[in-house]
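Remarks on the structure that follows.
Per chain, numbering begins at 1; letters A, B, ... match sequence-line order.
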Number of protein chains: 2
Amino acid sequence: MASRKEVADLAGVSEATVSRVLNGVGPIKEETRRKVLEASEQLGYVPSALARSFARSKSGNLGVVLPYVPKAHLFSAYFFSEMLSGIGSKARDNSMDLLVMFRTPGEVMNYTDLFRRQKVDACIILGARDDHEELAAMQQLHQEGHPFCVMNQHFEGQSFTEVDADHVEGSRLAIRHLTDQGYRKIAFLNGPDSYSNSQERMEGVCLGLQEAGMELDPSLLLKGNYSRRSGIEAAAIVADRLHEIDAVFAANDRMAIGVMHGLRERGIGPADFPAFVGYDDSDAAEMAVPPLSSVRVPFFEMGELAVSKLMHGSVGDTHKANNSVVAVTESARALLPTELIIRASSIRQ
Amino acid sequence: MASRKEVADLAGVSEATVSRVLNGVGPIKEETRRKVLEASEQLGYVPSALARSFARSKSGNLGVVLPYVPKAHLFSAYFFSEMLSGIGSKARDNSMDLLVMFRTPGEVMNYTDLFRRQKVDACIILGARDDHEELAAMQQLHQEGHPFCVMNQHFEGQSFTEVDADHVEGSRLAIRHLTDQGYRKIAFLNGPDSYSNSQERMEGVCLGLQEAGMELDPSLLLKGNYSRRSGIEAAAIVADRLHEIDAVFAANDRMAIGVMHGLRERGIGPADFPAFVGYDDSDAAEMAVPPLSSVRVPFFEMGELAVSKLMHGSVGDTHKANNSVVAVTESARALLPTELIIRASSIRQ
DNA sequence: TTGTAAGCGTTATCAT
DNA sequence: ATGATAACGCTTACAA
């Protein structure tokens with residue numbers, strides 16, 4: 001627990017010089033640098049991040065907001081953990097620490113206070129929904145010029161910094177894969193519209209069908225909530241109409257697997273399964289029986305990209321004009337490519 | 001961005017009083033309190049967490065160290081996400097923020113610097129292994145009197161604060177469940193010994209067999225590394241000796257599922273499967289085909305408990321004696337109960 | 001190239 | 001019950 005003063009004394013310099021050396025700023029004579037480094041090393045001096053943050057008015061923290069996952073199991077932990085890892089990896093490169101917060105189920109999250117309290121310098125929001133409160137919160141953030149990035153959710157008509165994957169294309173690929181093999185009666189189990197991702201998948205599905213000269217049969221459009229249970233429920237319909245459904249495309253792996261389970265519960269075995277394609281390519285996909293074809297989403301890379309965008313400061317580049325903060329960047333939405341991973345579940349035997 | 005001074009002026013009190021009201025310390029006249037609260041509300045004043053931390057020499061952050069998970073897929077993200085949620089939930093109750101850090105694969109983690117830099121006030125370590133470097137790092141932490149808690153790993157002969165589940169009992173239950181149904185040739189696929197959890201499971205297995213008047217056949221003790229792949233590899237042995245193995249107990253769900261897959265790859269169908277019991281009761285267990293019996297571990301509650309122990313300060317209760325820091329608490333290991341969840345995979349037909 | 005000193009926005013101690 | 005005021009440990013002009 002050596003103090004900076006001790007280091008300064010031992011090195012025979014002023015405290016300011018110690019700081020300069022340790023921060024690598026200003027011109028320093030090589031010998032001084034060496035002396036300071038030695039003294040600091042010898043005394044085991046470690047500068048206080050607290051004092052530094054305070055002096056700089058920068059926390060050095062990157063906030064990450066996660067949806068409250070446990071018990072709910074709407075989504076697979078897989079995808080948040082991948083994104084978080086990507087974020088963590090890039091944050092470390094920028095010597096930022098990760099401040100993780102869980103969005104509380106009921107209450108509205110006050111994002112701006114996070115910044116005002118100076119707990120974070122920038123912030124990444126995962127699992128946001130397109131509802132009124134969420135939107136208002138983001139608009140306030142944007143308005144006040146705080147650097148933030150939304151992942152996996154698009155807010156139409158806003159110019160937020162967003163990182164997402166190309167779900168239109170991913171869904172189109174999935175459908176094309178099915179139609180190319182001659183599947184004609186394709187059921188689509190989508191998630192709630194409150195996620196832009198769901199809407200995009202819908203768009204991709206229509207596009208894919210269209211390219212094959214078909215269109216979506218409304219009676220084959222099923223709705224779930226991304227949980228396995230909702231897949232099991234949807235299986236009731238699939239089972240009833242098994243003769244008129246030859247393939248199922250689900251908006252995530254959990255629902256796809258849920259449908260498989262639901263069919264099994266009704267005594268329908270894999271031999272009589274329709275073709276299946278899921279989404280996310282989570283580890284559940286390869287554990288499924290039969291192994292589930294799925295659209296791969298580069299979650300890890302999306303996490304990295306989000307941090308890069310924040311650090312590069314594209315959104316932080318704001319300037320005051322007429323007393324109001326104006327973001328310089330206009331189109332700040334980045335879309336990473338998706339890819340179809342083909343496994344046994346969707347291959348014609 | 002109102003300052004404390006403005007609030008003080010508007011309320012007609014001193015800045016110190018503003019602080020006192022907002023922190024709820026010291027005696028305050030009710031009317032003063034009201035005036036301050038009003039002024040503060042009206043101006044939208046938010047105290048700087050940075051300055052506060054600095055003044056108090058407390059970051060208000062709880063560090064959480066996670067193993068570097070992505071790509072590796074040794075463990076399921078499930079269990080870290082559950083623990084993290086439990087930690088987050090309890091941390092919020094104590095108005096602490098979560099600072100999560102990923103342990104870098106190669107390099108040794110310097111835990112003490114975390115404290116010296118004052119980035120965290122306490123810290124929880126997940127996914128630690130019992131190797132020399134890790135132990136040394138922990139000993140240093142302990143030595144310097146920093147409050148920390150190790151989860152899911154026991155360091156023999158140390159008096160670290162630890163939170164774990166009763167894996168001896170969990171494994172014993174799994175084995176008893178199998179022997180009770182008359183299974184006699186039980187293969188045990190364990191994880192690496194560098195995790196104390198593996199050793200405990202081994203102990204429970206021996207105990208369970210012993211209670212049934214049997215003992216572990218060394219040739220039926222298989223080794224994996226908790227990955228699905230290692231389960232697939234172990235399946236080679238199980239397949240070869242299928243006639244002399246009637247049940248498989250795996251140290252986690254991923255490996256159990258891996259064995260199932262390996263058997264399938266070799267043309268062995270569910271009808272010819274041995275009984276299976278996995279461990280963790282991750283969501284993969286209920287998604288497996290057949291649904292996998294598994295030992296449930298209360299990860300979420302473990303996370304909560306870890307935070308409670310740190311906050312309650314059992315480990316922080318150190319005192320200086322003869323110039324060295326001595327921990328007051330002696331036995332600081334908490335074990336939460338495990339429970340067997342029975343599903344189709346282990347039920348005699 | 002280096003030293004001096006003024007903040008940074010709180011908390012906490014000591015008066016009053 | 002409240003007001004002054006000295007820390008807290010660092011960064012960063014400004015001086016030298």
Roughly how far apart are [X] [atom1] and [Y] [atom2], rounded to 0.5 Å?
X        : Y        : atom1 : atom2 : answer
B:Met83  : B:Asn152 : CE    : CG    : 4.5 Å
A:Ile125 : A:Met138 : CD1   : CE    : 3.5 Å
B:Leu98  : A:Phe102 : CG    : CZ    : 6.5 Å
B:Asp164 : B:Met302 : CG    : CE    : 5.0 Å

Main-chain N/O of [Y] paired with [X] side-chain donor or acceptor, under 3.5 Å:
X        : Y        : value
B:Ser89  : B:Ser85  : no
B:Gln140 : B:Ala137 : no
B:Lys309 : B:Ala332 : yes
A:Arg103 : A:Leu126 : yes

| said: How bent is the helix from C:dT1-D:dA16 to C:dT16-D:dA1, measuring the angle between the end axes built from five pairs each, rounded to 10°? | reply: 40°

| Any residue of residues 34-62 of chain B with a heavy atom less than 4.0 Å from an atom of DNA chain D | B:Phe54, B:Ala55

| Which residues, if any, of residues 8-21 of chain A bring a heavy atom under 4.0 Å of DNA chain D? | A:Ala16, A:Ser19, A:Arg20

| Can you list the steps and then say if A:Lys90 with A:Asn94 is a side-chain contact (heavy atoms from CB on, under 4.5 Å)? | CA-CA 7 Å; A:Lys90 209 67 175 190; A:Asn94 291 277; 4.3 Å; yes

| Covered region of DNA chain C, 5' end to 3' end, by chain A [heavy atoms, under 4.0 Å] | C:dT1 to C:dG9

| query | Hey, does B:Ser3 reach any base, or is it just sugar-phosphate, or nothing, if we go heavy atoms under 4.0 Å? | reply | nothing

| Would B:His154 and B:Phe160 satisfy side-chain contact (heavy atoms from CB on, under 4.5 Å), going step by step from the backbone distance to the final call? | CA-CA 9 Å; B:His154 176 55; B:Phe160 302 156; over 6 Å; no

| said: At a heavy-atom distance below 4.0 Å, which nucleotide of DNA chain D is the first touched by chain B, and which is the last? | reply: D:dA1 to D:dG9

| Does B:Arg4 pair with B:Glu15 as a salt bridge, N-O distance under 4.0 Å? | yes

| Ring geometry between A:Phe54 and B:Phe54 (parallel below 30°, tilted from 30 to 60°, perpendicular above 60°) | parallel

| query | Do the ring planes of B:Phe148 and B:His142 sit parallel (below 30°), tilted (30 to 60°) or perpendicular (above 60°)? | reply | perpendicular

| request: Tell me, please, which residues at least two apart from B:Arg34 pass side-chain hydrogen bond (donor to acceptor under 3.5 Å, both in side chains). | output: B:Glu38

| Which comes earlier along DNA chain D counting from the 5' end, the contact point of B:Gln118 or that of B:Arg33, where each point is its nearest nucleotide? | B:Arg33

| query | Under the criterion side chain to side chain donor-acceptor pair (under 3.5 Å), which of A:Arg116, A:Gln118, A:Arg117 is the partner of B:Ser48? | reply | A:Gln118

